[in-house]
Amino acid sequence: MSTNETLPSANFIRQIVTHDLKENKHNGRVATRFPPEPNGYLHIGHAKSICLNFGIAAEFGGTCNLRFDDTNPEKENIEYMESIERDVRWLGFTWSGLYHASDYFEQLYDYAVQLIQQGQAYVDTLSADEIRAYRGTLTEPGKPSPDRNRPIAENLDLFARMRAGEFADGQYVLRAKIDMASPNINMRDPAIYRIRRVHHHRTGDAWCIYPMYDYTHCISDALEDITHSLCTLEFEDHRPLYDWVLDQLQTPSHPQQIEFARLQLEYTIVSKRKLNQLVTEKHVHGWDDPRMPTLAGLRRAGVTPKAIRDFCERIGLTKQNSWIEMGVLEYCIREDLNENALRAMAVLQPLRIVLDNYPDGQTELLDVSNHPQRPELGKRSVPFSKVLLIEQDDFAELPPPKYKRLVEGGEVRLRGAYVIKCTEVIKNADGQIIELRCSYDPDTLGKNPEGRKVKGVIQWVSEIHAAAAEIRLYDRLFSVPNPDNEANFLDAINKDSLTVLEDCRVEASLADANPDSRYQFERTGYFCLDKDSANGKLVFNRTVTLRDGWVKD
RNA sequence: UGGGUCGUCGCCAAGCGGUAAGGCACGGGGUUUUGAUCUCCGCAUACCAAGGUUCGAAUCCUUGCGACCCAGCCA
């Protein structure tokens, strides 16, 4: 049984950092940051970036900040910010500093004034549509705006009045003056400030102009003395702009932007727009629905932070666009849960069995191990009596080949208890099996029967002692590997992604299940108590099934 | 068609001129009071293709081919 998380591999970013350290590039300092925009909940894709940034900092004795990229108040809010802090902490990381791009608005403004003074930025009156038209295309160069050569003094005046609120939203925009003919479209005089009369969740109504990402991000990194600014591949084309801005200004430092491929996980989506749609249109029950790929959803499903961290390490880090199979995530979840989840017995679809030769009214307390491979986790007492409940699936009237559970006239081991034999099948008027009459072998507690082998082992609960529970079985939310490829991703939603079993029975010890514990319901999967459990009502979520190596032929 | 990036097993991924690591998946054997776990074995004469350089190439060069990203006053 492995107790260690996957050993770190020499991915290209670790190599760069190692090399920089050797060259004493930043005076031996390593500083990273995780810069989410507070416009949605964190998801499994963010986990990759979080583990990378915080991981690199930890490994090399550096620092990692949490910085909210909150420059677009139209989409951002406090709820998202709070959820992000909660989720980063839950994943197991502690930030060195907590910052907001909005903390830098005043400095950002001053730097913009400086760019104007240097003749490297101008106030443009062109509309958004016109700017698009002037920008040219992928193959044709753009053409200069009529305002491109506006005198510096006039730009200064206009920009000050933009800030003062003298103009309507969208009336003017501040643009960097770079190169309208650049083959890189991002360099064709990108907008760096826009007028937006929107209340900002942190700065209130102090500003009516807000800086754009490209301009803000590099300066924020520089102000925080970040050494390695790690981001995803789509920002590769923005790196020249990142460097251009910092080259024009006397910032405290000039961080190095390095891009890596974002996570793509089969059968899931991570587009914030689509995730939001799933929530608002009620295709799922909120951001923390266990089917959601959000950290909140994974947490509620019972996935552990350790499993996610291990997953992020296992999938590697490169610049290749790649798709990770669900099996990898499931493996990581099972590996952690197999080692740490307490075992228990639950019967999802009960079938009543009566032990004819067991004394009426008798109850035995049987000691059952909480974890077969880890005796130090102790044992629990499980009540055994004459009337028991087993899983419907564990009895077959017409067993398939190699079936090793209960059949009429056959024997099976009750986990942690006795070997029983089915003597009679009781059906109702419709021909449905409603009860099994069985006998038990008193000489099989803790030992194998003499002279015969009993292969099957099944779980059970005592009818009068068991606790009722609702059990929610989750499956992948989508039925195709890449829902984004569909004309409408909603059409790819798996209709069976949630099965609610309302009348399950779990062993008595689970009546006071710990909300933070994970359990393995033997032979069926890993489960955890859901927050919907209240006053005596038990609700469990299935985190993941057990691997099923049984190949029926 | 301009620019940027990437092509090593079904899926990830090491490899950095000296003769293809590892993980997941898959197939088979063993142990097992969970058809779980654990364990053992198997799984690329081959690195997008074709040329070239070299004693030697996945690694260097050339030319192709394929995939992804970019034309928000989003991030």
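In the text below, chain A, chain B and the rest are named by the order of the sequence lines, each starting its count at 1.
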Under a 4.0 Å heavy-atom cutoff, the residues of residues 446-455 of chain A touching RNA chain B are A:G446, A:K447
Worksheet item: Parallel, tilted or perpendicular: which fits the ring planes of A:F521 and A:F527, with parallel below 30° and perpendicular above 60°?
Response: parallel
Residue set satisfying side-chain contact (heavy atoms from CB on, under 4.5 Å) with A:L108, at least two apart, ordered chain then number -> A:Y104, A:F105, A:Y193, A:P211, A:Y215, A:T216, A:I219
With sequence neighbours left out, the residues meeting salt bridge (charged side-chain N to carboxylate O under 4.0 Å, His left out) with A:R380 are A:E507
Applying side-chain contact (heavy atoms from CB on, under 4.5 Å) to A:H238 and not counting sequence neighbours gives A:N186, A:D214, A:F235
Sorted by chain and residue number, the salt bridge (charged side-chain N to carboxylate O under 4.0 Å, His left out) partners of A:R452 (sequence neighbours excluded) come out as A:E411, A:D441
Residues at least two apart in sequence or cross-chain that pass side-chain contact (heavy atoms from CB on, under 4.5 Å) with A:T125, listed by chain then number, are A:D147, A:R150, A:Y172
Considering only heavy side-chain atoms of A:R135, the closest of B:G4, B:C12, B:C73 is B:C73
Close N or O pairs between protein and nucleotides 1-3 of chain B (under 3.5 Å):
| unit_1 | atom_1 | unit_2 | atom_2 | d |
| --- | --- | --- | --- | --- |
| B:G2 | N9 | A:L138 | O | 3.2 |
| B:G2 | N2 | A:P183 | O | 3.4 |
| B:G2 | N3 | A:L138 | O | 3.0 |
| B:G3 | N2 | A:D237 | OD1 | 3.4 |
| B:G3 | N2 | A:D237 | OD2 | 2.9 |

Using nucleotides 25-31 of chain B, report all nitrogen or oxygen pairs with the protein that are shorter than 3.5 Å.
none

By salt bridge (charged side-chain N to carboxylate O under 4.0 Å, His left out), A:E391 pairs with (sequence neighbours left out) none
Taken in chain and number order and not counting sequence neighbours, the residues that satisfy side-chain contact (heavy atoms from CB on, under 4.5 Å) with A:V407 are A:P399, A:Y403
Contacts of A:K404 meeting salt bridge (charged side-chain N to carboxylate O under 4.0 Å, His left out) (sequence neighbours excluded), chain-then-number -> none
Ring pair (Phe, Tyr, Trp, His ring centres under 6.0 Å) filter on A:Y242, not counting sequence neighbours, yields none
- Task: Assign A:F235 to base, sugar-phosphate, or nothing according to its heavy-atom contacts below 4.0 angstrom with the strands shown.
- Result: base
